[in-house]
Structure formats: C-alpha cells, structure tokens
Novice: 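Mind looking over this structure? Questions follow.
Residue numbers start at 1 and run along the sequence shown.
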Amino acid sequence: MSVSRIVLYYAFTPISDPQAVRLWQLELCRGLGLKGRIIVSEQGINGTVGGELSAVKQYVRRTREYEPFSGMEFKWSSGGAEQFPRLSVKVRPELVAFGVPEQIEVDEEGVVGAGTHLRPEQVHQLVDTERARGREVTFFDGRNAMEAAIGRFSGAVVPETETTRDFVAELDSGRYDHLKDQPVVTYCTGGIRCEVLSALMTQRGFQEVYQIDGGIARYGEAYGDSGLWEGELYVFDGRMNTRFSDQAVTLGRCSVCQAPTSSYHNCMDRGCSTLQLYCEDCQHIPSQQRCEDCRARIAADPQHPNTGTLEKERRR
Ligand SMILES: [Zn+2]
Ligand SMILES: [Zn+2]
C-alpha cells in the first residue's frame, strides 16, 4: 500500500506575475498527481495539496526552488489526494479575503506592519511578564464568531464577524479602541489570517500587536488543554471540530435548547452555508434546522414554503 500525505503552507511574499506562478503550480501538481486548493496572489501563495508521499516530497522540493518560496514552511498532515474533490489553482487579489487588498503591503519579510510572531511558550512568557507589570494581555480572535463558539483563548475578545470581510468594519467601529495601548495577541486556526489582521490593527493605531506563530494548531500541539486555550477547535474538513485532549471543555451551546455541544450543522437550505450548533436531541428535528435568516424568509412569504422555491429565488 502506498503512503499518502497532505501539506499545508503559506507565504506572504511579493509575486509580480501571479498568473505565471499559477500555471507553473498547476503543471507541477498535475504532473505529480496531486489534488487540493492553491491560491496565488500578488501577496504570495496559500495552499493545501495531497497525494502520494514521494510526489508530495517532490512538490515541496520543486516549489522551494522558486526563490520567493525558498524559506516557506510546510506543515505535514495525514491524508491524501482523496480528501479533495479536484485540483484548483486560482489567482485572487488577496490570500485571505479581508476585502482590502489595497491596504496590505507585502515585502520580502512578509506583511508590512504585521504583529510580532510569538511561539507558544513566548505567549506564556508575555502573559507572565505583563502580569508582573500589572497589565493584562488580551487575546483577539481572528476567526469568524461561529468558529469561536466552541473554543477560544481564555478571556478572548471575539469580534462580531460572520466572514473575514467583517473585520475591517469591526476594527473601525471603535469597539476595540480601549485595546490600542494594550498588549493584544491575535490568533486564528493556522496563523494566516492573523498575518493580515495584525497588520490592519497596527495601521489603525493598535500599538502592541502580537500573533501566534502557527496559530491555535501549533499552540495546541505544545500545550493541549493545559494552557490558555479552552474548548475545541473548528477545522475546515469533514470533521468540523477537533479536540486536543479528553480534557477539552465543551463551550458551544445548542442554538435551540442551549445544551452543551460542539456539533456544527449546516442550515438545511441548500446554498445557505450558515453553520449552527445543535445538541444530539435537537439535530434531528428538521423544523429547527434552518438558520434564523432562512426561517425569517419563509415566515415572511407563505408563497415560498419550501427549500426549492428559496433556491430558485436565490439564483435570480
Ligand atoms: Zn438542543
Ligand atoms: Zn440558512
């Protein structure tokens, strides 16, 4: 039996011709039989691809031969090509869709003005040092609020965001201005969102912004549930949630009955990607499995009592 692997990676580095890099990556992956998703932008590259171990090794080596990617870190994980429906290599204006490509400057060092990277143990050092000086470190969640519903850093600020595009308005709302002279540690799943978020915060006058190197994933590998992290981690694959140990607490609450749960479910309307948390008992009750928005639309229009009509409407 052949061995398969997945690699995840990103690099913020100036790319003058993203189309050329896209074509090169497409040919490289095709030739090696890899599947996955790669985004190329003038800001850099972000990808996750899987295939046979020897092919993935070759992919990593060949990708690093391109000077701007020579120092890029690859995170290896179990799995293979079968985890992905296809190979997709796209050019986008941003590596992470904050909706503000014009506000982000990237040079050979990465995102200009990004927060200082902290390794997991440095996060603890910072918290201890600041506490000794009488100051508290604030953790700032760089994910969508729904992801934070089942797990977050102790005492973290969770902005009201449905998508990453909502962050700029949140930062500009004044709601977090009291943190501008405080030490703030941003975090997200694997670190990429915070590269941009921390720079957007610095631009807006936050004076002491840090980000966790490798995100929650790396922090969890180091400290599991015995550090400052609480709960479970939302992940972007079929599992939806994962825990670092059996000691993980259940922070999520069923959207119907408030019972503790970490179990995400999509709104039952196809085409609606809203996620909600349901407990064991409530997840089987169909009438409760639409999100608030979809429920409101149905309630407002008796002519559209079912999913099919809603979908047609959406397509218009
Ligand atoms: Zn319930
Ligand atoms: Zn919905």
Side-chain angles (χ1 to χ4, degrees), residues 1-98 101 104 106-111 114 117 143 164 188-196 212-221 233-242 273:
M1 217 181 76
S2 64
V3 182
S4 294
R5 283 289 184 280
I6 289 176
V7 280
L8 300 88
Y9 56 90
Y10 71 81
F12 283 91
T13 184
I15 294 185
S16 52
D17 190 349
Q19 279 297 348
V21 171
R22 185 187 85 87
L23 287 174
W24 163 56
Q25 284 285 308
L26 191 62
E27 286 311 307
L28 180 58
C29 289
R30 274 190 188 148
L32 292 167
L34 306 183
K35 284 185 182 177
R37 292 161 42 85
I38 300 172
I39 293 181
V40 184
S41 134
E42 288 181 3
Q43 300 177 340
I45 190 169
N46 174 27
T48 167
V49 297
E52 296 207 350
L53 176 59
S54 60
V56 177
K57 277 183 177 168
Q58 268 202 66
Y59 171 78
V60 170
R61 192 167 45 76
R62 301 265 298 274
T63 297
R64 278 191 180 136
E65 281 171 6
Y66 180 56
E67 176 56 31
F69 300 157
S70 58
M72 187 156 64
E73 274 184 53
F74 289 81
K75 186 171 165 51
W76 292 79
S77 129
S78 57
E82 68 281 358
Q83 235 108 333
F84 305 95
R86 65 186 75 83
L87 172 65
S88 154
V89 189
K90 287 184 176 147
V91 170
R92 292 268 169 80
E94 298 171 288
L95 282 194
V96 190
F98 278 85
I104 293 302
V106 171
D107 67 15
E108 284 69 17
E109 309 285 304
V111 182
H117 288 88
R143 304 169 300 159
T164 301
C188 59
T189 313
I192 186 170
R193 287 181 273 185
C194 290
E195 301 278 0
V196 178
I212 302 184
D213 211 22
I216 302 160
R218 185 168 301 165
Y219 181 88
E221 282 167 13
L233 175 60
Y234 175 84
V235 288
F236 301 88
D237 58 36
R239 295 172 299 165
M240 310 280 270
N241 57 306
T242 181
S273 57

Novice: With a 4.5 Å limit on heavy-atom distance, are the side chains of L8 and S77 in contact?
Specialist: yes

Novice: Please give me the minimum heavy-atom distance between Q43 and V106, naming the atom from each residue.
Specialist: O-CG1, 3.7 Å

Novice: Any chance you could measure I192, atom CD1, to N46, atom CG, to the nearest 0.5 Å?
Specialist: 3.5 Å

Novice: Minimum heavy-atom separation for R193 to C188, with atom names?
Specialist: N-SG, 3.5 Å

Novice: Closer than 3.5 angstrom, by distance alone: can the side chain of E27 be matched with the main-chain N or O of W24 as a donor-acceptor pair?
Specialist: no

Novice: State, to 0.1 Å, how close Y10 and G190 come at their nearest heavy-atom pair, and which atoms those are.
Specialist: CE2-O, 4.0 Å

Novice: Assess, by modelled atom type and distance only, whether the side chains of R22 and Q19 contain a donor and an acceptor separated by less than 3.5 Å.
Specialist: yes

Novice: Grab the two heavy atoms, one from P93 and one from P101, that are nearest each other, plus how far apart they are.
Specialist: O-CB, 3.9 Å

Novice: Should E221 and R218 be marked as a salt bridge (Lys or Arg N to Asp or Glu O under 4.0 Å) after you check the CA-CA gap, both sets of side-chain angles, and the distance that decides it?
Specialist: CA-CA 5 Å; E221 282 167 13; R218 185 168 301 165; 5.4 Å; no

Novice: Looking at E94 and I39, what are the two nearest heavy atoms and their distance?
Specialist: O-CG2, 4.2 Å

Novice: Side-chain contact, heavy-atom cut-off 4.5 Å: V56 with F74?
Specialist: no

Novice: Would you compute the distance between atom CZ of F69 and atom OG1 of T13 and round it to the nearest 0.5 angstrom?
Specialist: 7.0 Å

Novice: Quick check on side chain to side chain contact (heavy atoms under 4.5 Å, CB included): which of V40, I38, V89, V21 does L26 satisfy it with?
Specialist: V89

Novice: Report the distance from atom OH of Y66 to atom CD1 of I45, rounding to the nearest 0.5 Å.
Specialist: 9.0 Å

Novice: Should V7 and W76 count as side-chain neighbours, where that means a heavy-atom distance under 4.5 Å?
Specialist: yes

Novice: For a quick test of reading the model, state the closest non-hydrogen atom pair linking S4 to G80 and the distance between them.
Specialist: CB-CA, 3.7 Å

Novice: What's the spacing between R64 CZ and E73 CD if we round to 0.5 Å?
Specialist: 8.5 Å

